[in-house]
Number of protein chains: 2
Amino acid sequence: MATVNLRDVATLAGVSVGSVSNVLNRPGTVSQDVSQRVLSAIDTLGYVRNDAARQLRAGRSRCIGLVVLDIANPFFSDLVRGAERRAAEENLTVLLGDTEEDPARERVYIDLFAEQRVYGLLVSPLGEAMPRLRALKKQGLSTVLMDWHTEDHQFSSVAVDNVAGGKLAVDHLLEMGRTRIAFVGGPHSIRQVSDRFEGARKAVAQHPGATLEVIDTQSLTVLQGREAGHRISQRKAAARPDAIFAANDLLALGVLQAFNLSGRISVPNDIALIGYDDIDFAAAAMVPLSSVKQPSTEIGHTAVDLLLREVAAETDFEPERIVFQPELVIRDSTSAQH
Amino acid sequence: MATVNLRDVATLAGVSVGSVSNVLNRPGTVSQDVSQRVLSAIDTLGYVRNDAARQLRAGRSRCIGLVVLDIANPFFSDLVRGAERRAAEENLTVLLGDTEEDPARERVYIDLFAEQRVYGLLVSPLGEAMPRLRALKKQGLSTVLMDWHTEDHQFSSVAVDNVAGGKLAVDHLLEMGRTRIAFVGGPHSIRQVSDRFEGARKAVAQHPGATLEVIDTQSLTVLQGREAGHRISQRKAAARPDAIFAANDLLALGVLQAFNLSGRISVPNDIALIGYDDIDFAAAAMVPLSSVKQPSTEIGHTAVDLLLREVAAETDFEPERIVFQPELVIRDSTSAQH
DNA sequence: CCATTGTGTTGAATCGTTTCACCATTAAGC
DNA sequence: GCTTAATGGTGAAACGATTCAACACAATGG
């Protein structure tokens, strides 16, 4: 299966390889006649351009590498969507790598994209990747961080203020008269988790008499939420929190499922529940879920914008840092008084 | 920013490019001394391998291209997960393209992956892509179809019997005593939609007195479901169906949201509702949603298996066709009698 | 001491496309 | 008819990693 290449096309069309290339890349500069012959040769041979050779020459590809923590999380799928749309406008394609919150997989994807000489990289990193990203930046790989930023302002970034979001959520719970707050989430090595927790801590600290408990999870999935909810429902009623702030909606929905399954705990009467991200499914939940809304599509969109600016700037580019503000969305899961 | 290449590394280490390549690709054949010098040179220069050059020589990349209709759909994110895991075992990486059900975007991704000379392609195609895929197959691009198959058995495929699934769903609705069935879904150009509808049609045809109405949607999203639900709730009560089979869970959840918002329609008392895919959120919905379950992770997993087999076979490979059976999951949204 | 074997290393050819300086041909201008 | 300009087309030189025949050198055996 010798693959068809430019030379084959050129031979069949009776022209030089240079002309074939011109037909493909500078249609203006080529005569009708040649153009026709070449196109028909391409057609009969079924020629498919070899991107590797093309890139080798060009030095850089027209693909953007996008590395996310979890595509099963609607927050990220919306983000991806925003990024893809913006990229498409610039005739760029987005290649997606899903790490499932695994640092090893993250590293694999970052290195892969670097070796592919992608146009640029969008990453929502786990902490461990930062040194590698710094090294790659020196080699000319532009990277925009999502939901992460560095103190030294070396990277452009677009994020939502997760600390503010966490505070919003827990302030709301406290306002509704809850005092025994539990934070469900983990691992804390994930920036989003620790920041949201930090916001929760702040809120509780300002509120005398309120307590904050941490219920750890191994990841931010429905399954882990179900598990955490199950653990809580096993406790004696007096030992349970009266409000839960889950690090994201998937966890919150899992908790809700577990409570419902147990039949012992009513949301919000026994325990108020608030999530994070305001995914589509939050509003459709058994008990419509209060949440903290992030402009996910806009984040993806903006990240591509920053990347384009950085790549265009070539040299001495001053990284930009954009921070969106989260927004509280109140639904039934936190409304009732108790 | 002249990027560092093998020659630079070789020069610094004081060896030939061949040796550097050996250090990277055949560690056994190289002396301690050279290996050490090369590795430290790589380190100090921050050398990153150029995959384009590498592939150009190798002829094929170690990436699998995966093209899906909608990563926001949990069915597909689970499928992706299954594929990624299996691929990782073979030291292959999955690159993901999301088409949002748009034939143009689908074509872009298929061509891109073809030009990148990916190891193989996994596609859940819209119909229009098939001629292109056939042409690419001739050029040596192995493709496994997901949720699609061709009559001529030219392609390996892994699918779930969507007709059977649709029939399962509607048979269940009929058994529960419903007779005025509505199918919510679209566009019918998507195979999954038309097959599930076909199943529904069959079920209704076998049941004298039952009627089937089609309520079209533009895509398979929560938003479109909400819209369809809204249209239904606007009708006079008598003109409404007494059961809805939605082409997937996203639509069903959207319908549910709309009904709940309107306050006029109770599920399942007024209208029974069943979805398709049994995504995680179905069980956590306002009214736990009946659904038809597909082994999504397994589909992804199996698709990679078939691809590996096909690529390994090199020549005169007999395409395999694997069909999973769907499974009915009954929850509250279809349980109550009326 | 030579032949043989083995171990490491080298350099050039190769992959397929793009680019660009240069050649051919024709058209226009005087 | 000769010069100049314009238009199309050409071919060879990159791009950077891999591979492999060929070579250098040392060790072993006769």
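Predicted model, so just to flag it, every value in this text is computed and none were measured. Each chain gets a letter, A, B and so on, in the order its sequence line appears, and its residues count up from 1.
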Phosphate OP1/OP2 of D:dG16 contacted by B:Asn5 side-chain N/O (<4.0 Å):
yes
Can any side-chain N or O of B:Arg62 pair as donor or acceptor with the backbone N or O of B:Glu90 at less than 3.5 Å?
yes
Determine: side-chain N/O of B:Ser31 to OP1/OP2 of C:dT9, distance under 4.0 Å, yes or no.
yes
Short heteroatom pairs, N/O only, protein and nucleotides 19-22 of chain D, under 3.5 Å:
| unit_1 | atom_1 | unit_2 | atom_2 | d |
| --- | --- | --- | --- | --- |
| D:dT19 | OP2 | B:Arg26 | NH2 | 2.9 |
| D:dT19 | O4' | B:Arg57 | NH1 | 3.1 |

Of all the nucleotides listed (D:dT10, C:dG16, D:dA17), which has the minimum atom distance to the side chain of A:Ala53?
C:dG16
Nearest-Å distance, CZ (B:Arg7) to P (C:dA12)?
12 Å
Donor-acceptor under 3.5 Å (B:Thr302 side chain, B:Glu298 main chain):
yes
Gap between atoms CD and P, on B:Gln55 and C:dT17 respectively (whole Å)
13 Å
Establish, with yes or no, whether the OP1 or OP2 oxygen of C:dT9 is under 4.0 angstrom from a side-chain nitrogen or oxygen of B:Ser19.
no
Where the side chain of B:Leu56 is defined as all heavy atoms beyond and including C-beta, which of D:dA17, C:dT18, C:dG16 is the nearest nucleotide?
C:dG16
Under 3.5 Å side-chain donor-acceptor pair for A:Arg54 and A:Asn25:
yes
Does B:Gln218 CD have over 12 foreign heavy atoms under 6.0 Å away?
no
Would you say the side-chain atoms of A:Arg26 pair up with the backbone N or O of A:Val23, donor to acceptor, closer than 3.5 Å?
no
Counting only non-hydrogen atoms, which of residues 107-116 of chain A are less than 4.0 Å from DNA chain C?
none
Using a cut-off of 4.0 Å on non-hydrogen atoms, how would the nucleic acid contact of B:Val20 be classed: base, sugar-phosphate, or nothing?
nothing
Phosphate contact (C:dT18 OP1 or OP2) by A:Arg49 side-chain N/O below 4.0 Å
yes
Got a list of protein N/O to nucleotides 24-28 of chain D N/O distances below 3.5 Å?
none

To the nearest angstrom, the CG-P distance between A:Leu6 and C:dT18 comes to 6 Å
Verify whether one side chain among B:Thr150 and B:Asp152 offers a donor that lies under 3.5 Å from an acceptor in the other.
yes
